[in-house]
Number of protein chains: 2
Amino acid sequence: MQSFTEENYLKIIYHLAENTNNVQTNAIAEQMQTKPASVTDMIKKLADKGFIDYVKYQGVTMTEKGRNAAIDIVRKHRLWEVFLVDKLNFKWDEVHDVAEELEHIKSTALIERLDEFLGFPKSDPHGDPIPDKNGRFAKTQFTKLIELKIGDSGTITGVSQHSSAFLKHLEKLGLTLGKQIQINDVTDFDGSVEILILDKQINISREVAKHILISSNGKN
Amino acid sequence: MQSFTEENYLKIIYHLAENTNNVQTNAIAEQMQTKPASVTDMIKKLADKGFIDYVKYQGVTMTEKGRNAAIDIVRKHRLWEVFLVDKLNFKWDEVHDVAEELEHIKSTALIERLDEFLGFPKSDPHGDPIPDKNGRFAKTQFTKLIELKIGDSGTITGVSQHSSAFLKHLEKLGLTLGKQIQINDVTDFDGSVEILILDKQINISREVAKHILISSNGKN
DNA sequence: TATTTTTTTTAGATTTACCTAAAAATTTAA
DNA sequence: TTAAATTTTTAGGTAAATCTAAAAAAAATA
Ligand SMILES: [Mn+2]
Ligand SMILES: [Mn+2]
Ligand SMILES: [Mn+2]
Ligand SMILES: [Mn+2]
């Protein structure tokens, strides 16, 4: 059984490993909000315990054991987020920090019964997939809204930024999960995007468009 | 905000203070499953932070601040136990250890919404009162079953021992919360108690009888 | 009251997860 | 392909929560 800190490292390394082969010390330090020297200490420990493979100066990769441990934490995090939204009426921008704490509660029975209580949900309030108890989940194919061309349309199915500020902003714009959108225009001046949602045209910045994930229903 | 460890000390000191004026170092050590030397270190820290009053060699007493902090943790612990039993179908002997972890989750919003979700329960699965959000709760007047006389009757409304082994044993004997019982006889030989429950006569040991709490409906 | 026993505290270490500053390795650029 | 910049590691230290062994205080007993 791992400490809270070890679990947080594992989860962060797992997420970083989704985008790169060798996860770098500095990247981990940034995510953990700590110093590279501290990361070096910790990755040595995690390597000793067999959660990651580590070659000095070459960064780390996850072992099967590490990946399983990380997926288990991700599963807990996302199930708790569903609980908070579905049962306790939290908003999608209010759940992340509490789930960061709840994900460390150690009880297999608890999480399996919670899963059942929630009706075995397949995705969390931000559209992220929830691994089942064997760690399996559908790797959904998202396109970033920013990458769509004029005329393309699709459904909002996820976000790649979970900060409360960002999610509240989306909420205000009406850009919530399941909404249909269409790209009307892209402004030359600042790259901002004109989108059509429920027959209403709105303008969103590039920064916002980068973090909205679309399951496209056919390119233009 | 306190650390997990500080919260555990506060809760334990609070419970010990229910039975004695000055809580002793050794008593805390026993409950915390740690050594007296460690307790001395910690009570100095808690005293510095204003949670307890501490006079060297004289033991500790809780301050108002300490009591409030402790009651808040007790409230969380008991609400989570209700959640586990009422919503996730845990048995009353399975919830304590998980609640020991859940009680440390820091979110006022979470606990208030949980309270509401559960219908503002007044007592937990073991019959212990749940403080409201202002820390108020009814100090119920219990009698230990062992103290009743032959012919006395009453309702089981609590237990003073939360171990899984004890609670499973009670369950097997049918001695659960809300059950009506009557004292039929007390055996001279070993002090065991014959009780009548649902027209069935059973025999329970002194040790068991000590930890069953009865709200008596009239002495003999 | 003097002695023994018990309780509590102090002194000095250990472990975990951090830190800063400096050295070493790697990568990028000239 | 050398020099500069960046990344990573090491060395040495700190704070929290623990420990053991020994000293000090308080309580119980003779
Ligand atoms: Mn989250
Ligand atoms: Mn999420
Ligand atoms: Mn409990
Ligand atoms: Mn309880």
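Side-chain atoms are counted along with the backbone in the values below, which use heavy atoms only and exclude waters and symmetry mates. Per chain, numbering begins at 1; letters A, B, ... match sequence-line order. Computed from a prediction, not measured in an experiment: that's the story for all the values here.
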Round to a whole Å and report the spacing from [atom1] of [X] to [atom2] of [N].
| X | N | atom1 | atom2 | value |
| --- | --- | --- | --- | --- |
| B/Gln58 | C/dT8 | CD | C1' | 10 Å |
| B/Lys44 | C/dT8 | NZ | C1' | 10 Å |
| B/Gln2 | D/dA16 | CD | C1' | 15 Å |
| B/Lys49 | D/dA15 | NZ | P | 14 Å |
| A/Ile43 | D/dT10 | CD1 | C1' | 13 Å |
| A/Met42 | D/dT9 | CE | C1' | 16 Å |
| A/Asp41 | D/dT14 | CG | P | 16 Å |

Subject >> Partners meeting side-chain contact (heavy atoms from CB on, under 4.5 Å) with A/Lys122 (sequence neighbours left out) >> reply: none
Original post:
Quick one: are the ring centres of A/Tyr14 and A/Phe51 less than 6.0 Å apart?
Top reply: no
Among [options], the one nearest [X] by side-chain distance:
| X | options | result |
| --- | --- | --- |
| A/Tyr57 | D/dT10, C/dT26, D/dA24 | C/dT26 |
| B/Lys56 | C/dT9, C/dC19, D/dT9 | C/dT9 |
| B/Tyr9 | D/dT18, C/dC19, D/dT8 | D/dT18 |

Original post:
Under 4.0 Å: is that the gap between some side-chain N or O of B/Thr40 and OP1 or OP2 of C/dT9?
Top reply: yes
Original post:
Under 4.0 Å between a side-chain N/O of A/Lys35 and OP1 or OP2 of C/dA21, yes or no?
Top reply: no
Original post:
Does CG belonging to A/Asn21 count more than 12 external heavy atoms closer than 6.0 Å?
Top reply: no
Subject >> B/Lys144, NZ atom: more than 12 neighbouring heavy atoms under 6.0 Å >> reply: no
Original post:
Cationic tip of A/Lys87 within the cone over A/Phe117's six-membered ring, i.e. under 6.0 Å and within 45° of the normal?
Top reply: yes
**OP:** Is it possible for you to check whether B/Lys139 lies under 6.0 Å from the centre of the six-membered ring of B/Phe137, through NZ or CZ, and within 45° of that ring's axis?
**Re:** yes
Original post:
Taking the inter-plane angle between the rings of B/His104 and B/Phe4 on a 0 to 90° scale, is it parallel (under 30°), tilted (30 to 60°) or perpendicular (over 60°)?
Top reply: parallel
**OP:** Using a heavy-atom cut-off of under 4.0 Å over every strand shown, decide if B/Thr5 touches base, sugar-phosphate, or nothing.
**Re:** sugar-phosphate
Original post:
Base, sugar-phosphate alone, or nothing: which one does B/Tyr54 contact when heavy atoms must sit under 4.0 Å apart?
Top reply: sugar-phosphate
Original post:
Looking at DNA chain D, which of residues 24-34 of chain A put a heavy atom within less than 4.0 Å of it?
Top reply: A/Gln24, A/Thr25, A/Asn26
